[in-house]
Amino acid sequence: MMKAMLINRENGDLVWSDVDKPVAKEGEVMIKIRAAALNRADLLQRKGTYPSPKGWPEWMGLEVSGDVCEVGEKVTKWKIGDAVCALLGGGGYAEYVAVPEDMVMPIPKGLTYEEAASLPEAYATCYLNLFIEGGFKPGETLFFPAGASGLASVGIPMAHAFGAYVITSVLTTEIKERIAHLPADVVIDSSKENTVEIIKRESENGHPIDIAIDCLAGETIGQAFPYVNEGCRWVLISTLDGITTTIPLRAVLTKGINLKGSMLRKRTVQEKGDLLSRLVSEIWPKLESKEIVPSVYKVLPITQAAEAHRILEKGENIGKVVLKVC
């Protein structure tokens, strides 16, 4: 047996409960979890609208760090005692998790377990959409709205480390001050400034958007299209600000805009494994050299998972919230 954080479906409470301990099958490793990071998908799963994919535990948790404590047959990359972090389909809010070996990565040198837990989901999402879906090239202009989000706290430093000019947006002047440590070139304070007007101004000043990683969506997409660069790649990863917009088709046609949707969760294990391999070879060295620094807002014990969820729901965090398991 082991402990895992289950959801009481009658009232939504989180309950640290006894469950069966998983078994490392062929090609899998067992991780004794030390820390698990939160994602907004956890909040949706708690509400019953975003269940774990088939084959993964029912409880929440998409990224963890810990130590390999068991290896299944035909595992070649890992041994017992290795300090690792891993991308999951679910099951991170627990003491143990069994993971396909390709979904596991070494912890970058110099990082704590709590910092390492904040890497897999957020860094894989940012790398996927910046370099693979977005085809980013050094020197291009990136629009990454919601600058206070855990994802932006990863994506902005990552893009900047590879030579991007970064535009982001926040809801208030206070939040703008709180993300001053992030290397964004332009931070739009939407309580005082119109996002589309600033995008237009930046375009006129020589920084039209080449790529957007957009978790907000809503009306901004259509309104911004006339001011983006030729061949702009607008990658839609969520719709927190609304599910409809009006698209000016003339701008799409004349500028050759590529609007695409992207979800990490839908990728196969092989696709995710290939992505994680690229993370280790291309991003881990920048974490170890401190060119990119993980942003952890707060660490709470796993038994305070409900409080951690509240922090995310209220948008209090600048960076990732992490649960310490042991």
Side-chain angles (χ1 to χ4, degrees), residues 5 31 33-46 50-53 55-57 59-66 84-94 97 99-100 102-108 111-133 144 146 148-159 213 215 235 237-238 240 262-280 282-284 287 292 294-299 302 305 308-309 311-312 317-325:
M5 191 62 72
I31 298 173
I33 299 172
R34 289 182 177 268
L38 270 67
N39 292 275
R40 287 202 167 271
D42 301 349
L43 305 183
L44 298 177
Q45 187 167 348
R46 184 177 177 183
Y50 203 60
S52 296
W56 288 94
W59 43 92
M60 300 165 288
L62 300 178
E63 51 189 348
V64 299
S65 67
V84 297
C85 54
L87 179 66
L88 315 177
Y93 288 23
V97 67
V99 191
D102 287 344
M103 302 278 276
V104 179
M105 298 175 287
I107 292 179
L111 268 63
T112 65
Y113 283 104
E114 291 76 20
E115 289 172 325
S118 75
L119 303 180
E121 173 77 14
Y123 277 70
T125 297
C126 288
Y127 186 93
L128 167 67
N129 295 303
L130 186 64
F131 292 100
I132 298 175
E133 297 289 6
F144 204 131
S149 67
L151 200 60
S153 73
V154 169
I156 292 173
M158 182 184 294
I213 300 178
C215 63
V235 185
I237 62 172
S238 189
L240 298 176
S262 175
M263 292 180 67
L264 176 63
R265 194 178 183 91
K266 296 175 67 174
R267 315 281 164 150
T268 66
V269 169
Q270 181 177 347
E271 288 174 325
K272 291 177 180 177
D274 291 343
L275 174 60
L276 298 185
S277 178
R278 292 177 65 169
L279 273 184
V280 172
E282 299 177 31
I283 304 299
W284 265 218
L287 285 162
I292 303 175
S295 180
V296 175
Y297 173 73
K298 183 171 285 189
V299 177
I302 185 71
H309 279 206
I311 291 171
L312 250 65
N317 57 304
I318 305 295
K320 298 284 283 187
V321 178
V322 177
L323 298 172
K324 187 172 183 177
V325 179

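Quick note: residue numbers are just sequence positions, from 1.
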Side chain to side chain, Leu119 and Leu279, heavy atoms closer than 4.5 Å | no
Evaluate the side-chain proximity of Asp102 to Lys272: yes if any heavy-atom separation is below 4.5 Å, no if none is.
-> no
Test salt bridge (charged side-chain N to carboxylate O under 4.0 Å, His left out), reference Lys320, set Glu114, Glu121, Glu63, output is Glu63
Can you tell me how far the [atom1] atom of [X] sits from the [atom2] atom of [Y], to the nearest 0.5 Å?
X      : Y      : atom1 : atom2 : result
Met60  : Met5   : CE    : CE    : 7.5 Å
Leu38  : Tyr93  : CG    : OH    : 3.5 Å
Ser153 : Met158 : OG    : CE    : 10.0 Å
Phe144 : Ile237 : CZ    : CD1   : 5.5 Å
Leu151 : Cys126 : CG    : SG    : 4.0 Å

With Tyr113 as partner, the option from Ile33, Ile107, Val84, Val322 fulfilling side chain to side chain contact (heavy atoms under 4.5 Å, CB included) is Ile107
Go through the structure and list residues passing salt bridge (charged side-chain N to carboxylate O under 4.0 Å, His left out) with Glu282, not counting sequence neighbours.
-> Arg278
Under the salt bridge (charged side-chain N to carboxylate O under 4.0 Å, His left out) test, residues paired with Glu133 that sit two or more places apart = Lys260, Arg267
Check step by step if side chain to side chain contact (heavy atoms under 4.5 Å, CB included) holds for Leu275 and Leu87.
-> CA-CA 11 Å; Leu275 174 60; Leu87 179 66; 5.9 Å; no
Should Arg40 and Leu43 be marked as a side chain to side chain contact (heavy atoms under 4.5 Å, CB included) after you check the CA-CA gap, both sets of side-chain angles, and the distance that decides it?
-> CA-CA 5 Å; Arg40 287 202 167 271; Leu43 305 183; 3.8 Å; yes
Please report the shortest heavy-atom distance between Val235 and Ser262, naming the atom on each side.
-> CG1-CB, 3.8 Å
Minimum heavy-atom distance between Gly89 and Arg265, given as atom pair plus value | O-NH2, 3.8 Å
